[in-house]
2 protein chains.
Amino acid sequence: MTKIEGVKFDERGLVPIVTQDARTGEVLMLAWANEEALARTLETREGTYFSRSRNELWIKGATSGNTQKVVSVALDCDGDAVLYRVEQSGPACHTGERSCFHTPLLEGADSLDGVLARVYETITERLRTLPENSYVARLHAGGIDRVLKKVAEEAGEVLLEAKNGDREALATEAADLVFHLLFALAEVGVTPADVASVLQAREGKSGLKGPKDVG
Amino acid sequence: MTKIEGVKFDERGLVPIVTQDARTGEVLMLAWANEEALARTLETREGTYFSRSRNELWIKGATSGNTQKVVSVALDCDGDAVLYRVEQSGPACHTGERSCFHTPLLEGADSLDGVLARVYETITERLRTLPENSYVARLHAGGIDRVLKKVAEEAGEVLLEAKNGDREALATEAADLVFHLLFALAEVGVTPADVASVLQAREGKSGLKGPKDVG
């Protein structure tokens, strides 16, 4: 096995790995890798670590089934920490929580991007399982026109509250619009990542583009 | 100083800290804290670490000015890693890059995560500086009605492409709608974080709520 360019393993031969959900941005876990584990991750795109407690190679999900498809890997500026961005199936944490970082020491608000990804996942899960008392299931039963009417209605409410200059009401209506937009996307099989790609491609070209027009 | 509940410091008295941008979701750095640094972070909400090279308390940005306002702190399931979510001013990395994790070992696509925050920041920056050839500046000059008409127009196009079942066109129109929604929010002084709070409050209550209704 060749030495992985630039990675500094510590005196135990380990490097800390930060693992992030590539879809939601959530930080899922901090674990460790030796050179073999990191090389295997780069080669197979399966999240692979070194278990310090069991003192052996640890392919995440090998026993639990909650595997990680590795989307990208990055090294930090001084070469002594690595970031895996992964598509996590099931919870990352052995406790059943999505992320291992679920014990708050200090509370605060989340970002919009992370929330949207979670909301989208919940919508698609509701569309799969159709729980009886679910708003998503009820609207879905009415067909896609019901969902799209809500998109139009909530867009109208955004217009009104923006004209009213009522910031609190506008935030609420914007949330309603975004929720139903995600719902419509889910109905047609478009993901937030598809939308992100469009926005990102525009960012790339000119810093920022308005639709069909220059920044 | 009281022992911080549940945190396991290693034999050097350190715990690894993953630092994440609370607005964009980007993982910024991996650093270390001793008990004093962690306690200071919890108390002051200033990102504080322990510098292993200088062997001293390290208040991030104390010399560079690139400080971190700590939004939340979480401990992982086995108590030996901590996550700071921060509002980073300026670049986190001493190289001038936003994140220390800027050396790709394996490349991959990005997610929605971070794009919305960046687009919103660019819009507000354009509204401040009004560059001559900017789409944002041009639309803004026409008054908020111009922006809101675009919200309505793009919502209409989302409806049409969803009915057409054209996934690519729908992703494009959804991006246009999201862009103009963020634009309208910026005009009224509502932030993506305000919208996220509304959605998060609903998540918190019942896993997921539709607007004014149960998940």
Side-chain angles (χ1 to χ4, degrees), chain A residues 16 18 20 22-23 25 27 30 42 71-77 81 83 93 95 100-101 103-115 117 119 122 134-135 148 151-152 155 158-159 162 167 170-172 174-176 184 188 190 192-196 198-200 208 210-211 213 215, chain B residues 16 18 20 22-23 25 27 30 42 71-77 81 83 93 95 100-101 103-108 111-116 119 122 134-135 148 151-152 155 158-159 162 167 170-172 174-176 184 188 190 192-200 208 210-211 213-215:
Chain A
V18 179
Q20 182 178 31
R23 284 174 295 211
V27 175
L30 181 95
L42 295 175
V71 174
S72 67
V73 177
L75 182 65
D76 82 343
C77 51
L83 176 66
C93 187
T95 62
C100 293
F101 292 97
T103 307
L105 296 178
L106 188 68
E107 307 248 22
D110 208 342
S111 74
L112 181 57
D113 302 272
V115 175
V119 167
T122 311
S134 145
Y135 174 81
L148 294 175
V151 171
V158 164
L159 266 54
R167 285 208 274 266
L170 178 55
T172 303
D176 289 350
V188 183
V190 173
D194 296 332
V195 178
V198 174
L199 289 168
Q200 242 174 339
L208 177 78
D213 211 332
Chain B
V18 179
Q20 182 178 33
R23 284 175 295 211
V27 175
L30 181 95
L42 295 175
V71 173
S72 67
V73 177
L75 182 65
D76 81 344
C77 51
L83 176 67
C93 187
T95 63
C100 292
F101 291 96
T103 307
L105 295 178
L106 187 67
E107 308 249 21
S111 67
L112 182 59
D113 155 44
V115 175
L116 294 188
V119 168
T122 311
S134 145
Y135 174 81
L148 294 175
V151 171
V158 163
L159 265 55
R167 284 209 273 267
L170 178 56
T172 302
D176 289 350
V188 183
V190 173
D194 296 331
V195 179
S197 299
V198 174
L199 290 167
Q200 231 179 333
L208 178 77
D213 211 335
V214 180

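Every chain is numbered from 1 and lettered A, B, ... according to where its sequence line falls, protein lines coming before strand lines.
Both the backbone and the side chain of A:Val188 come within contact range of chain B, with heavy atoms under 4.5 Å apart. Residue B:Val195 touches chain A through both its backbone and its side chain, counting heavy-atom pairs closer than 4.5 Å.
Across all their heavy atoms, B:Val190 and A:Ala171 have their closest contact at CG1-CB, 3.9 Å. Among all heavy-atom pairs drawn from A:Gly25 and B:Gln20, the shortest one is O-NE2, 2.7 Å.
With sequence neighbours left out, the side-chain contact (heavy atoms from CB on, under 4.5 Å) criterion links B:Leu148 to A:Leu159, A:Ala162, A:Lys163, B:Ile144, B:Ala184.
Of the listed residues (B:Thr103, B:Asp194, B:Val198), the greatest number of heavy-atom pairs within a distance under 4.5 Å of chain A belongs to B:Thr103. Between chain B and the options A:Ala152, A:Cys93, A:Pro16, A:Ala174, the largest number of non-hydrogen pairs under 4.5 Å is found for A:Ala174. Of the listed residues (B:Val151, B:Thr95, B:Leu170), the one with the most heavy-atom contacts under 4.5 Å to chain A is B:Leu170.
Here CG of A:Leu83 is found 10.0 Å from CG of B:Leu105. Values are rounded to the nearest 0.5 Å.
B:Leu116 has its side chain out of reach of B:Pro192: every pair of non-hydrogen atoms, C-beta onward, lies at least 4.5 Å apart.
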